[in-house]
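To find a chain, count down the sequence lines: A is the first, B the second, and so on, and within it residues start at 1. What you see is a predicted model; the values in this text were computed from it and never measured.
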Amino acid sequence: MAGQTDPHISLFSPQEVEFMAEDELVEIVPNMNMEQLNFISGDFGRFIPQIPTKVPLWLAVALKRRGKCSFRPPGWMSVDNLTQILEAERESQSTFQALPFSYVEIARLLFDHAHDDIPDKYMVRSLVEDIRDVRLHKLETNLGSFQGTSAVKISNVSAMEVNIVRPFVRRALEAFYKHDKPEADIDRDTRSSRQQREANNEPRRPLRQR
Amino acid sequence: MGIFKQREREIFDLMASSSEVGGSSADYETMMSTSDVELLKRAWRNEKAAPEILQYEGALVERAKEQIELVEETIEDYVENGKDPLLVSLYQMDLDRTQFLLRSYLRVRLVKIEKFMFHNLKSEEAERRLSEQERVFATKCADDLVKHFEETVLLKLPENYQSVLKQSQISEVDDMVPQPHLDTFVVCRSNNFVSLNLYEEGESPETVEMERGDLYFIRYKIVKGAIESGQIDLI
């Protein structure tokens, strides 16, 4: 069936999240001549050897796998930038650094198919994995400190990370809201202590797949 | 062959290629540079994430179907004329991706229709959001289900309990009809600066303000209107 994820587990499957990320534009350097591609999703090309051009990620991977191009890794994937981001992530307990929304998927696809186009690939890969770990850990710890509200702002969280925490956060927030509603004018204090008890009762789903 | 190519060009000119990740700030520009595939992807994502069924994007689906057929013909053409197989396979991939979006979009809607069958037929608002074919499907499905229930169970129950929609004659509302949960929390991203009322009418008005690009976990009911007008996307 075309993309029917079980909505009780997770709204979007990881493959679907990757599918959405594959439309992001990346830069490639073709090594062959090809006419312009008039796709339904847009026009790309012309392809001239050694002239860099922007194409969607899925197209870039397809061309790379057939040996028709090489990648220009995106600017944010340099060792310097990633080290800086990792430092900043480790420093702050509650804010997330600005990363491309689909950084996980982009990095993953590049590592899988174009690792020889990435300078210092081992360093870059370990940096990206460390950043992922730190961010996921931050998400987990922050989840324990929710207040019952109707809107929670999550800035700079990436697509994959959102998808992972979504089921848990939805149920937690729904429980808060449900129990909050009838008591609109109860004391602030009693309400917050009740919320803390709610947080403990929610079953903690393991967020990391090992 | 020449005319064929020209029509192809026309259609592809109508939808410019997607703009880059950042997107432009002017709404007009964004609208002009959003390809149909982008729109379809957005509709698919919103539909998947929303607890109730959303407005059917009839025009978009028709355009997508047209383009898909066009490309299918083009590919057949290319294969017959022995065009570079690489080119053909790339066009095929693009076609597959678009078809996936279209099919999944329609399937997600069907799942929702089946889930809230009676509710969709009862509520005028929901019924307006279905396409012609979906309405026919929903009615037929509902009829079959009612008939099935009646024959197997309901007619064998005592008189007061024979309705599909109500638990018993005493019920004032149709309490056997499952309703979509509008209070579900969803993740959304705003396309513009938007200020929304957090609570229902009459209660203490607290607002939440979203800048362009902010991500929020928020109750669906609050953002429902903004999604319909295109100001907010579900993730």
(message) Quick check on L102(B) against chain A: is it the side chain, the backbone, both or neither that has a heavy atom closer than 4.5 Å?
(response) neither
(request) Provide the full list of salt bridge (charged side-chain N to carboxylate O under 4.0 Å, His left out) pairs with a residue in residues 26-41 of chain A, sequence neighbours left out, each pair given once. (result) E27(A)-R72(A), E35(A)-K83(B)
(request) Heavy atoms only, distances under 4.5 angstrom: which of L86(B), L95(B), L90(B) has the most pairs with chain A? Name it, please. (result) L90(B)
(request) Check whether the side chains of Y220(B) and E52(B) place a donor and an acceptor atom closer than 3.5 Å, and report yes or no. (result) yes
(message) Tell me every residue that passes side chain to side chain donor-acceptor pair (under 3.5 Å) with R97(B), counting only those two or more places apart in sequence or in another chain.
(response) E22(A), D23(A)
(message) Could you walk me through whether Y91(B) and Y78(B) satisfy the ring-ring contact (aromatic ring centres under 6.0 Å, His included) test, starting with their C-alpha distance in whole Å, then the side-chain angles of each, then the deciding distance to 0.1 Å, before giving a yes or no?
(response) CA-CA 10 Å; Y91(B) 273 99; Y78(B) 281 174; 5.7 Å; yes
(message) Under 4.5 Å from any heavy atom of chain A, what part of L106(B) do you find: side chain, backbone, both or neither?
(response) neither
(message) Counting only non-hydrogen atoms closer than 4.5 Å, can you tell me which residues of residues 61-69 of chain A sit against chain B?
(response) A62(A), L63(A), R66(A), K68(A)
(request) Using non-hydrogen atoms and a 4.5 Å limit, figure out which bit of F19(A) sits close to chain B: side chain, backbone, both or neither. (result) both
(message) Checking S158(A) against E161(A): is there a side-chain donor and acceptor pair closer than 3.5 Å?
(response) yes
(message) With a 4.5 angstrom heavy-atom cut-off, is it the side chain or the backbone of L59(A) that approaches chain B, or both, or neither?
(response) side chain
(message) Within the 3.5 Å criterion, strictly below it, is a donor on Q99(B) or E72(B) matched to an acceptor on the partner's side chain?
(response) yes
(message) Any donor-acceptor pair under 3.5 Å linking the side-chain atoms of Y56(B) with those of Q133(B)?
(response) no
(message) Under a plain distance cut-off of 3.5 Å, with no hydrogens placed, do D36(B) and Q67(B) share a side-chain donor-acceptor pair?
(response) yes
(request) Counting only heavy atoms closer than 4.5 Å, note whether T98(B) contacts chain A via side chain, backbone, both or neither. (result) side chain
(request) Could you tell me which residues satisfy side chain to side chain donor-acceptor pair (under 3.5 Å) with E105(A), sequence neighbours excluded, listed by chain and number? (result) none
